[in-house]
**Q** 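Below you will find the structure I want to go over with you.
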Amino acid sequence: LIPPPSMGKVQIHVDRVLMSILGLPSEGVHLNALTGISPCRVWIARRSSEVYSFPNMLDNLAAGTIADGMSAQDTLVVEAQEEVGLDPDLTREARLKSRVIFRTQHGNRVRCGLNHIFDLILPEQVTFRLNRSEVTEVILMTMQELRTEVLKEQFKFNSALVQIDLLIRKGATNLKPDEESILINE
């Protein structure tokens, strides 16, 4: 397989739409936008009905595939400005907190890759300028609400992994044994 950009020299350029069709690994960024007050809450985006993949599903505030020649941080800045209108200088304050490697199959497509997970503290009064072709709304959720929506499978699959990582890092899982298996096995 062709390694993601951070794992080695790029051997071939493939349009990102073809990555899952060909079963090739991708590399992306995901932004957890959190409030800085206790109890911590998180800004969640709802994907537009117009997007090709996972329409109307919940998602991170901003996310995207890293293009050849771009860094994870630069990709995050571009995606956050493009999707929800965040100021680039503000987005540059986001800090890399975790990485998640994933592999899953949806129908006849295998999706695999590496997600770089960034956290950014935003005020509750932040104003978003939504790109309605990508995001229809932004919702401020408590950790409990976030956990519930993950368990109800309302998130895009790789964004759900990012949310699970956030819940674990924030000590907000409080899972029952049957719920734990849902998060780990699905």
**Q** Parallel under 30°, tilted from 30 to 60°, perpendicular over 60°: which one fits the rings of Phe54 and Phe157?
**A**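 Ring orientation of Phe54 relative to Phe157: tilted.
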
**Q** side-chain contact (heavy atoms from CB on, under 4.5 Å) between Val100 and Ile164: does it pass, once the steps are laid out?
**A** CA-CA 10 Å; Val100 174; Ile164 293 167; over 6 Å; no

**Q** Are the side chains of Asn60 and Gln163 in touch, meaning some heavy atoms are under 4.5 Å apart?
**A** yes

**Q** Just verifying a value: how many Å separate Leu86 CG and Arg92 CZ, rounded to the nearest 0.5 Å?
**A** 12.0 Å

**Q** Only counting residues at least two apart or in another chain, list the ones meeting side chain to side chain contact (heavy atoms under 4.5 Å, CB included) with Gln105.
**A** Val110

**Q** Using side-chain heavy atoms (C-beta onward) and a distance below 4.5 Å, is Leu146 in contact with Leu166?
**A** yes

**Q** Could you tabulate the donor-acceptor pairs under 3.5 Å formed by side-chain atoms of residues 35-43, not counting sequence neighbours?
**A**
unit_1, atom_1, unit_2, atom_2, d
Thr35, OG1, Arg41, N, 3.0
Arg41, NH2, Glu124, OE1, 2.4
Arg41, NH2, Glu124, OE2, 3.4

**Q** Determine whether more than 12 heavy atoms belonging to other residues, nucleotides or ligands lie under 6.0 Å from atom CD1 of Ile101.
**A**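 Check fails, neighbour count at 12 or below.
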
**Q** Is any side-chain heavy atom of Thr91 less than 4.5 Å from a side-chain heavy atom of Gln81?
**A** no

**Q** With side-chain contact (heavy atoms from CB on, under 4.5 Å) as the test, would you mind laying out the steps for Asp165 and His30 before giving the verdict?
**A** CA-CA 11 Å; Asp165 174 79; His30 289 258; over 6 Å; no

**Q** What heavy-atom pair brings Pro55 and Ser49 nearest, and what distance separates the two atoms?
**A** CB-O, 3.7 Å

**Q** Could I get the full list of side chain to side chain contact (heavy atoms under 4.5 Å, CB included) partners for Ala72, not counting sequence neighbours?
**A**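 Testing Ala72 for side chain to side chain contact (heavy atoms under 4.5 Å, CB included), a comparison that skips the adjacent residues, returns Val29, Ile66, His116, Phe118.
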
**Q** Inspect the surroundings of CZ in Arg103 and state if more than 12 heavy atoms from other residues, nucleotides or ligands are less than 6.0 Å away.
**A**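 No, because the 6.0 Å sphere around CZ of Arg103 holds 12 heavy atoms or fewer from other groups.
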
**Q** Any non-hydrogen side-chain atom of Leu61 less than 4.5 Å from a side-chain atom of Leu122?
**A** yes

**Q** So do Arg169 and Ile117 actually touch side chain to side chain, heavy atoms under 4.5 Å?
**A**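 The answer is yes; the side chains approach within 4.5 Å.
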
**Q** Looking at every non-hydrogen atom in both residues, tell me the closest pair between Arg46 and Asn56 and how far apart they are.
**A** NH1-O, 2.8 Å

**Q** Do Val78 and Met70 have side chains that get closer than 4.5 Å, going by heavy atoms?
**A**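 Side-chain contact under 4.5 Å: yes.
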
